[in-house]
Amino acid sequence: MTWATDRLPIVLPPLPGEALDSWIEAYARRLRTSSTGLLRFLGLPGIAARRLVFRLEEGDLKALARLADADASELDRMTLRSVARSDLLPQLPQSGDETAPVWRHLGRHSRFCPRCLADNGGRWPLAWRLPFSFACQQHQCLLVDHCPGCRDRPQLFTNQQLGRSTSGAHCMRLTLRDGRKTACRHDLTQTPAQPLPPGGTLIAGQQHLDALVQAGSPALHHLYFLSRRCLRSLMLSPWAAPEAVGLALRECNGGLLSDSPHDLADAGRLAMGTTLAIWASDTATATGQAVFEWLIRTDQAHRLNVSAANLSIDRRLLSWGRASPEIVSRVIADADQELPLDTRLRYRSAAHPRRPDLADADIRKRADKIPTALWPSWTLRLLPNTPIDPRTVDGFRRGCRSKLLLAGAKSQHHPWAQPSNRLIIKMAFRRVIASTEHETAIASCLTQLASHLDDEGSPIDYGRRRHLFTSESITLNLDEYTQLCRQQGWARGGTGRIHMLRWMLLSFLLGTHADLPPRNIHARDQFRYQVPPLAACSCRNRRPQTSLPTGSTNPCSGNPPPHGATGPTGPGLPPNRSPTATSTP
């Protein structure tokens, strides 16, 4: 038979969604030749059709499209390379014998729907070869993994024999019969398939996966990890599974509890694991929350026989190391109430949970944005509505500043950021925290405030102020002080009042109680509360030349706005009643 060299004598268009090797084999059967002979004529000698579905070079693609009178872009979509480019799979292997490390594709093998093969004359869609396909939505059944004739995965095509085959719906795997290797040739259209309930959970799961594949969503890797974890939990603690898990099991005829809980290659296990993973990913539903909590409890129950209450957060996350950040965040959030306050802040479990990721340099930058004690307006949001000793409040404010530097920090120890007296601060927090809910509100507020400072910054560079303003660098204008005394009608007195006013000025500039004599906190607070308003105003309006150089935009006072933290705010003043700025330390 003689063919023209510019094109094939017969045009056979590919079916929608068909795999490239299936189309080449169907073309060869139509021309009554083998796929090897067809590819040799097309200028692709020595290449098997099953190899082209993995890798088709640009020149070969154009030649194949020209000779077969087909669209090059359509042929490219018939290869697994198109899936790899959409980031749904990792780097594809060069041959069908290798497997990708995640969402293993089936290489030269394929699942199949017997009724689809019967309807389309033995043509094989590319989707059946992908790891995301486990159900046929048209015929409402699970895809079949094995050929009943040889009890192995069906081999789609064999170049030497396919030319004499009348259909591509036969298994061409070589099997040993009577001491001879021969093709299985079982008619795959006669294979029984497991039916699925129309509109059931497994069909809905396949529809969800198809939508993700169509959109090229990287969430498929997220589902892959959860699928494996769901199958593991189903093997370890099926009695503790939520009721919805039993419903999915009944749809799959209960045949999923195998000895290989981590293997997703089987369509039934893949259907079960994927459906549960989709549920566990949905945080907005009660079913999703119940399934994910079941995964966490199962993992904790099998961690070296240690009770959940005694598991540190690092050990909880040990088996979730390869999970996506979204999953890790949910595991951290689940452990929030069982963690100490410092750990809750480092892992930000009360708000925006994630692993600690800030180095010492990042924490030092944050330290320059906050005063030595928490701003009074923010302190009011965290204090309970009960009388508290001023010394306790002072220790609490300094402690909050120290806790702010823990949020997201990789290291728990920052010598330059530690408070001078940890015991006083520890006692202050013990006296201030009124309940578990109050501690959660403090952890949430400080975590959000730390994130706000990292993203938006602070109105004042307190690190620079601490460097510039000291007891030696600030002075009071004694002439103005004498005039102020005359206006107020009180005697000028000795140096005690001047020391107090200098302390007020320095405290105002630093945003906290300055370390100037007298050191008695009660005496300082009493003076601050009793000082005439005009004198306090004079201190607030004081701008030493050493404080703000010419052209500086650094304001004299200010703190982050109330919207820097939302959610629980403790029993203190709500954000809309807390002052947005205060000039007193």
Side-chain angles (χ1 to χ4, degrees), residues 87-90 100-104 131-132 201 205 208-209 211-213 215-237 240-242 244-245 248 261-264 269-304 306 308 311-339 343-358 407-408 410 444 447 451:
D87 198 30
L88 301 181
L89 289 173
V102 178
W103 277 114
R104 182 180 65 188
F132 326 113
T201 57
H208 181 79
L209 281 182
L212 294 179
V213 173
S217 173
L220 288 167
H221 295 276
H222 170 82
L223 290 179
Y224 168 79
F225 180 89
L226 281 180
S227 297
R228 295 173 62 92
R229 188 52 59 92
C230 288
L231 292 178
R232 175 177 177 268
S233 297
L234 195 59
M235 288 290 297
L236 295 176
S237 59
V245 177
H262 304 294
D263 185 11
L264 295 180
R269 287 192 292 271
L270 174 63
M272 188 65 191
T274 303
T275 300
L276 298 184
I278 293 173
W279 287 344
S281 301
D282 189 1
T283 59
T285 63
T287 300
Q289 295 177 359
V291 172
F292 193 80
E293 290 177 2
W294 168 57
L295 299 184
I296 294 178
R297 301 297 171 258
T298 302
D299 179 71
Q300 293 175 355
H302 293 80
R303 295 297 299 170
L304 303 176
V306 179
L311 276 177
S312 66
I313 185 62
D314 294 324
R315 296 184 67 181
R316 290 172 187 255
L317 295 177
L318 188 62
S319 61
W320 302 85
R322 303 179 68 178
S324 66
E326 293 80 7
I327 298 178
V328 172
S329 296
R330 294 181 63 185
V331 176
I332 295 174
D334 179 81
D336 175 56
Q337 298 294 330
E338 303 171 8
L339 302 177
T343 305
R344 298 175 77 175
L345 291 169
R346 288 188 59 239
Y347 283 85
R348 292 164 280 199
S349 57
H352 318 306
R354 60 185 183 272
R355 295 179 187 272
D357 55 1
L358 299 180
K410 291 182 179 179
S444 175
T447 299
S451 299

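Remember, predicted model here, so these are calculated numbers, not experimental data.
T283 contributes atom OG1, which lies 7.0 Å from atom CD of Q289 (distance to the nearest 0.5 angstrom). Here the CZ atom belonging to R232 is positioned 12.5 Å from the CG atom belonging to L234, to the nearest 0.5 angstrom. Note that CZ of R229 is 10.0 Å distant from CD1 of I296, once rounded to the nearest 0.5 Å. Atom-to-atom distance recorded for R228:CZ and R269:CZ is 11.5 Å, nearest 0.5 angstrom.
Residue I313 comes nearest to A335 through the heavy atom pair CD1-CB, 4.1 Å, listed as atom of the first residue, atom of the second, then distance. Across all their heavy atoms, L276 and C230 have their closest contact at CB-SG, 3.5 Å. The two residues L295 and A280 have their closest heavy-atom pair at CD1-CB, 4.2 Å. Considering every non-hydrogen atom in both A323 and F225, the closest pair reads CB-CE2, 3.5 Å. In terms of heavy atoms, S349 sits closest to I332 at CB-CG2, 3.6 Å.
Proximity of L339 to R346: side-chain heavy atoms (C-beta onward) are nowhere separated by under 4.5 Å. For the pair T287 and D282, the minimum side-chain heavy-atom distance is 4.5 Å or more. Annotation: side chain of V331 is not in contact with side chain of D299 (no heavy-atom distance under 4.5 Å). With a 4.5 Å cut-off on side-chain heavy atoms, F292 and D334 do not count as touching. Between V245 and P242 there is a side-chain heavy-atom pair separated by less than 4.5 Å.
In this structure, the side chain of R348 engages the main chain of R355 through a donor-acceptor pair within 3.5 Å. No side-chain donor-acceptor contact under 3.5 Å links R354 to the backbone of Y347. A donor-acceptor distance shorter than 3.5 angstrom exists from the side chain of S329 to the backbone of P353, with no hydrogens or angles considered.
If you run side-chain contact (heavy atoms from CB on, under 4.5 Å) between S281 and each of I327, L226, V291, only L226 comes through.
Side-chain polar atoms of S237 and T298 form a donor-acceptor pair below 3.5 angstrom.
Cation-pi contact between R330 and W320: absent, since separation from the ring centre below 6.0 Å together with deviation from the ring axis within 45° is not met.
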